[in-house]
Amino acid sequence: MLIKIPSVSLARESEVTPEATYLSRRRFLGAMGGLASLSLVPGRALAERYAGVEAAQAPTWFDKKLTSARWQSMVPGDEALTPFKDATRYNNFYEFGPNKGDPARHAAQFKAEPWTVTIDGEVVKPGQFSLEEFCLPHQLEERIYRLRCVEAWSMVIPWLGFPLSDLLKRAEPTAQAKYVRFETLVDPQRMVGQRSGFSLIDWPYIEGLRLDEAMHPLTLMAVGMYGRVLPAQNGAPLRLVVPWKYGFKSIKSIVRISLTSAQPKTTWESLAPNEYGFYANVNPEVDHPRWSQAQERRLPSSLFSPNIIPTRMFNGYDEVAGLYAGLDLRKNY
Ligand code: MTE
C-alpha cells in the first residue's frame, strides 16, 4: 500500500507469551485434528477460551445467534492465534486514519447500529435489510484463518460469520451476474479519515470478487471475531474475509453488495494499478514492485524476535487453486 512498514513491531514482548487460555485452546485444537472440524461449545467454555477479550456490547440478535454457533469449523493446522490486542490495535482502516493505531483510537466511539445493507444489481431478489434481518437466516460459524496483508505482515484470527455463498444464493444471481462489488459506508461525520483533505482514497472504499470466488466455501461474511461482536476498527458490523487474498480485499463496514456483469473498479487498483491488482491472490512468487512477497512477519513480532516465516501460495489455502486454472497469475496479480 502507499504506507510505511514500521521496522519495529508495535507489539510488546509480554504479549508474545501465550496465555493459559490460549494454551488450553491449542490442546483442544490438537485433539480436533486440524481442518474442517466441527464442535458446539457451550457459551461458558467459549467465554473462558476468549477470556480477556474486551468487546463492545453486542446486539441481542448476535448473542442469541452465538448460542447455536458452530465453533472451529475451520482451523489452519497448529498455528498460534494472534493475541486479541494485536488484532485490534494494529489495523488498516483508512476511514479512521492512515496509521496502524488510528483505527483503534478513532473508531472507539463508532456505533454500528442501526445498520442497513443493500443487495442489488444482477439479482432476482434485491433488497435493503437491517443487519439483523440480513444475518437472521444464517448459522454463525467460527473460522480460524490466516490474514496476510500485502504489506508483508500476517495474523491468525478466529472470525465469526457465515459463508457469502449462502447469502448470494438467497438473492438469486441472474445469468448476467459475473462479479460481486462491495462498498463501505461513507459517513465523514463518524469516520474521521473521510474528512481528511490528505486522503488519497476516493470514498467509498470498493472491493470486488469474481462470482466463483465469492461463492467459494472459504469466503466469509464476518460479524464477529474472538467469540465476540466485531470491534469497530476491524470492520463492524459486517466485513468480508477472503483468506487466500491479500488483506485489502477483505473490505470492512459493508453497506452495499452489488452483483454486476462487468469487473468492478476497486479502490487500490484505481489508486495504483501497477502495484495492486484485482485478483490480489497471496503469491510468494510475484513481488510487489517495492518489496518481496516471499516472506511475512507473523504478528506479534519485535526487533529481537521478528517472527519471519515463508509466505505460502494462496496463503496456504491450496483448495482455491482450481479457480485460477489457465490464468497467468503474474499478469493477473
Ligand atoms: N476496508 C476498508 N473499508 N478500509 C480499509 O482501509 N483496509 C484493508 C482491509 N479492509 C481497509 C479495509 C487492508 S489494507 C487490510 S490489510 C485489512 O482490512 C486489515 O484488516 P484488520 O485491520 O482487521 O487486520
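Whatever order the structure lists ligands and atoms in, that order sets their numbers, starting from 1.
Put simply, the side chain of V241 does not reach to within 4.5 Å of the side chain of L147, judged on heavy atoms.
Scanning A87, G235, G247, P204 for the heavy atom closest to atom 9 (C) of ligand 1 points to G247. Of the options W203, Y205, Y246, the smallest heavy-atom separation from atom 12 (C) of ligand 1 is shown by Y205.
Contact annotation: S250 has at least one heavy atom less than 4.0 Å from an atom of ligand 1. Ligand 1 lies nowhere less than 4.0 angstrom from a heavy atom belonging to K249.
The distance from atom CE of M215 to atom CG of D166, rounded to the nearest 0.5 Å, is 8.5 Å. With rounding to the nearest 0.5 Å, the separation of CZ in R312 from CG in D318 is 8.0 Å. Separating the CD1 atom in I257 from the CZ atom in F129 is a distance of 9.5 Å, to the nearest 0.5 Å.
Distances between N or O atoms of N92 and those of ligand 1 include at least one value under 3.5 Å. When only interatomic distances are considered, the shortest N/O to N/O separation between N91 and ligand 1 falls below 3.5 Å. Inclusion of Q233 in the set of residues having an N or O under 3.5 Å from an N or O of ligand 1 is not warranted. At least one N or O atom of N234 sits closer than 3.5 Å to an N or O atom of ligand 1.
Every atom of ligand 1 with a heavy atom of I251 under 4.0 Å away is listed here by number and element: 1 (N), 10 (N). Taking every heavy atom of T184 and a limit of under 4.0 angstrom, the matching atoms of ligand 1 come to 3 (N). Close contacts of ligand 1 with C149, meaning ligand atoms under 4.0 Å from a residue heavy atom, involve 16 (S). Heavy-atom contacts of L147 reach the following atoms of ligand 1: 24 (O) (cutoff under 4.0 Å).
Annotation: cation-pi geometry satisfied between K249 and F278 (NZ/CZ under 6.0 angstrom from ring centroid, within 45° of ring axis).
Y246 has its ring centre no less than 6.0 Å from the ring centre of Y276. Centroid-to-centroid, the aromatic rings of F134 and W61 stay 6.0 Å apart or farther. Remark: aromatic rings of Y90 and W153 are close, center separation under 6.0 Å.
For K252 and E95, the salt-bridge test fails: no basic side-chain N is under 4.0 Å from an acidic carboxylate O.
The side chain of E95, and not its backbone, has at least one atom closer than 4.0 Å to an atom of ligand 1 (non-hydrogen atoms only; side chain from C-beta on).
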